[in-house]
Enquirer: 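Okay, here's the structure, questions in a sec.
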There are 2 protein chains.
Amino acid sequence: MSANPTRLIGTGAKPARHRAILALVRGGVIRTQEDLVAELHRKRFPVTQATVSRDIRELGLLRVHDDAGPRYMAPVAELDVEQTMQRLRNAMREHVQGIEFVDLFGIVHTAPGCAPLVGGALDGSRFEEVAGTIAGDDTVLVIARSRPAAQRLLLRLNSMSEEEA
Amino acid sequence: MSANPTRLIGTGAKPARHRAILALVRGGVIRTQEDLVAELHRKRFPVTQATVSRDIRELGLLRVHDDAGPRYMAPVAELDVEQTMQRLRNAMREHVQGIEFVDLFGIVHTAPGCAPLVGGALDGSRFEEVAGTIAGDDTVLVIARSRPAAQRLLLRLNSMSEEEA
DNA sequence: GTCCTCCTTGCATACTTATGCATTGAGAGC
DNA sequence: GCTCTCAATGCATAAGTATGCAAGGAGGAC
């Protein structure tokens, strides 16, 4: 932000403002749109809450809660469910050599060195059924939350590793 | 306020309701708290918007925007900054054997097979300085956004891999 | 049993966010 | 130059969310 014209109103203000909003949201704690309006004013973007509301939608910002209340966050790739599931499907299809379940424990065999990748994809997909995963070098241990969960998981994972792209 | 281990709560409705809310939010499109109130009524949880508002905070639900407006989503682990940073610290301390930077490129040497894990943790922490990472088997390439960013990163990562638990 | 404490909830309302409508200014086409 | 169109925006307000307070209920201690 070195080249900083005195007035940012009018032409081209919106993209710059969007960048500023992302930086603000990533950098500090923005709890309300009024916070954002205030910070933007300090950076000479004379906008109102209405505009900020629209910006927030356009940027896809998230509202989350921490101990002290609501707050805005920059978007996170992992939120895209489709993308996450696609990643898991790819990981399963390409690296998984076999799955078996023993009680609550799923043993997923992968190509050497691929277990962390597969485990990560499993974690990322946040299945209700999965309590957690542990990845070694070529094996991922998946701990299911219950026996029915384990059964469902086995079916789901099997169908995934068999699916075509 | 003392140690109360397995205190049964009220009518016991709250935990069940929380599970129902998570399922609703994961399963369908919940755009407002009133939507949630309506769905919960259908499932015989006679609650009001005020309670749902509190539940949403307790569950850490996210509010996001899609094309059709705001909507609630189930929480995603990567959003927990503390947890994510802890994960990165652990990964750095346990698996990283050395870091060096060449211009914008950081080369992180890890134990064999651990690079994806470390790279994932780095991605997850969403440092402003990091444009992206590529993980091989025992090496992670970290691409910084600028030379100053690269310097800051080197310092941060080094201090992390040296920290005690 | 009584008393006490803590948790949960609804109600009313304060606070925050979203949006319909009107205005403005930039750029395109003439 | 003029006029048209359209994105961007503010204003006012509707829509949605959060919260202080008080009530009700369960469990523990006695």
Side-chain angles (χ1 to χ4, degrees), chain A residues 5-22 24-25 28-75, chain B residues 1-22 24-25 28-75:
Chain A
T6 332
R7 27 190 307 113
L8 294 164
I9 329 173
T11 313
K14 194 173 174 182
R17 191 178 65 237
H18 277 196
R19 283 193 297 277
I21 289 174
L22 280 176
L24 283 166
V25 161
V29 174
I30 301 289
R31 296 204 172 280
T32 68
Q33 297 184 3
E34 291 299 346
D35 286 357
L36 213 37
V37 168
E39 290 301 319
L40 286 170
H41 281 182
R42 289 159 48 87
K43 291 186 183 298
R44 320 222 181 242
F45 292 101
V47 289
T48 61
Q49 175 267 326
T51 297
V52 167
S53 171
R54 293 172 181 122
D55 287 342
I56 282 172
R57 170 161 63 206
E58 285 160 27
L59 289 168
L61 296 196
L62 301 159
R63 201 157 56 131
V64 301
H65 289 274
D66 60 20
D67 306 323
R71 135 177 161 259
Y72 286 97
M73 277 199 121
Chain B
M1 236 0 192
S2 44
N4 54 8
T6 35
R7 179 176 220 290
L8 296 177
I9 306 159
T11 62
K14 194 174 174 181
R17 191 180 64 238
H18 277 194
R19 283 193 297 277
I21 289 174
L22 279 176
L24 282 166
V25 162
V29 174
I30 300 289
R31 296 205 172 278
T32 68
Q33 297 185 2
E34 291 299 345
D35 285 359
L36 214 35
V37 169
E39 291 301 319
L40 286 171
H41 281 183
R42 290 159 48 87
K43 290 184 184 299
R44 326 227 167 183
F45 291 101
V47 289
T48 61
Q49 175 267 325
T51 297
V52 167
S53 171
R54 294 174 181 120
D55 287 342
I56 282 173
R57 172 165 59 208
E58 285 160 28
L59 289 168
L61 296 196
L62 301 160
R63 203 157 58 131
V64 301
H65 289 275
D66 60 19
D67 306 323
R71 132 177 165 258
Y72 286 98
M73 275 197 124

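This is a predicted model, so every value here is computed, not measured. Just so you know, these numbers use all the heavy atoms, side chains as well, and skip hydrogens, waters and symmetry mates. Proteins get letters first, then strands, A, B, ... in listed order; numbering begins at 1 in each.
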Enquirer: Please list residues of residues 33-41 of chain B whose heavy atoms come under 4.0 Å from any atom in DNA chain C, ordered by number; otherwise none.
Expert: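 Contacting residues: none.
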Enquirer: With the side chain of A:T51 defined as its heavy atoms from C-beta on, choose the nearest nucleotide among D:dG16, C:dT17, D:dG10.
Expert: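 Per side-chain heavy atoms of A:T51, the pick is D:dG10.
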Enquirer: Closer to the 5' end of DNA chain C via nearest nucleotide, is it A:V52 or B:A50?
Expert: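 Per heavy-atom nearest nucleotide, the more 5' residue is B:A50.
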Enquirer: If I take atom CZ from residue B:R63 and atom CD1 from residue B:I30, how far apart are they, to the nearest 0.5 angstrom?
Expert: 13.5 Å
Enquirer: Between atom CZ in A:R63 and atom P in C:dC15, what is the gap in whole Å?
Expert: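 Distance check: A:R63 CZ to C:dC15 P gives 16 Å.
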Enquirer: In whole Å, I'd like the distance from the CD1 atom of B:I56 to the P atom of C:dT17.
Expert: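 Computing the B:I56:CD1 to C:dT17:P distance gives 15 Å.
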Enquirer: Please state how far atom CZ in A:R71 lies from atom P in C:dT17, giving the value in whole angstrom units.
Expert: 14 Å
Enquirer: Do B:I21 and B:L61 touch side chain to side chain, with heavy atoms closer than 4.5 Å?
Expert: yes
Enquirer: May I ask you to decide if A:V47's main-chain N or O and A:H41's side chain share a donor-acceptor pair within less than 3.5 Å?
Expert: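 Side chain of A:H41 to backbone of A:V47, a donor-acceptor pair under 3.5 Å: yes, one is there.
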Enquirer: Would you mind reading off the distance between B:F45 atom CZ and C:dT8 atom C1', rounded to a whole angstrom?
Expert: 15 Å
Enquirer: Could you tell me if the side chain of A:D35 sits less than 4.5 Å from the side chain of A:L24, heavy atoms only?
Expert: no
Enquirer: Can you tell me how far CG of A:L22 sits from CE of A:M73, rounded to the nearest 0.5 angstrom?
Expert: 12.5 Å
Enquirer: Whole angstroms only, please: what is the CD-P distance between A:Q49 and C:dA18?
Expert: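 Going from CD in A:Q49 over to P in C:dA18 covers 8 Å.
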Enquirer: I need the CG-P distance between B:L62 and D:dT17, as an integer number of Å.
Expert: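 Between P of D:dT17 and CG of B:L62: 14 Å.
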Enquirer: Return the nearest nucleotide to the side chain of B:V47; candidates are D:dA18, C:dG10, C:dT17.
Expert: C:dG10
Enquirer: Could you check whether the side chain of A:R54 and the base of C:dG20 have a donor-acceptor pair of N or O atoms closer than 3.5 Å, going by distance alone?
Expert: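 Side chain to base: pair found, below 3.5 Å.
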Enquirer: Where the side chain of B:H65 is concerned, which of C:dA18, D:dC11, C:dG10 is the nearest nucleotide?
Expert: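 Shortest atom-to-atom distance from the side chain points to C:dA18.
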Enquirer: Checking B:I56 against B:L36 for the side chain to side chain contact (heavy atoms under 4.5 Å, CB included) test, could you report, in this order, the C-alpha distance in whole Å, the side-chain angles of both residues, the deciding distance, and whether it holds?
Expert: CA-CA 10 Å; B:I56 282 173; B:L36 214 35; 4.1 Å; yes
Enquirer: In whole angstrom, what separates A:D55's CG from D:dG10's C1'?
Expert: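 In whole Å, D:dG10 C1' lies 13 Å from A:D55 CG.
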Enquirer: Under 4.0 Å, counting only non-hydrogen atoms across every strand here, what does B:S53 touch: a base, just sugar-phosphate, or nothing?
Expert: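 Contact class for B:S53: base.
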Enquirer: Of the candidate nucleotides D:dT17, D:dA12, D:dT19, which contains the atom at the shortest distance from the side chain of B:Y72?
Expert: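 Nearest to the side-chain atoms of B:Y72, counting from C-beta on, is D:dT17.
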Enquirer: Tell me whether the side-chain N/O atoms of A:R17 come closer than 4.0 Å to OP1 or OP2 in D:dT9.
Expert: yes
Enquirer: Grab the CZ-C1' distance between A:R57 and C:dA18 for me, whole Å please.
Expert: 7 Å
Enquirer: Tell me which of B:E58 and B:P70 sits closer to the 5' end of DNA chain C, going by the nucleotide each one is nearest to.
Expert: B:E58
Enquirer: Between C:dA18, D:dT19, C:dG10, which one does the side chain of B:T48 approach most closely?
Expert: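 The closest nucleotide is C:dG10.
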Enquirer: List the steps, then state whether side chain to side chain contact (heavy atoms under 4.5 Å, CB included) holds for B:D55 with B:E58.
Expert: CA-CA 5 Å; B:D55 287 342; B:E58 285 160 28; 4.2 Å; yes
Enquirer: Is a side-chain donor or acceptor of B:R31 paired with a backbone partner of B:P70 at a separation under 3.5 angstrom?
Expert: yes
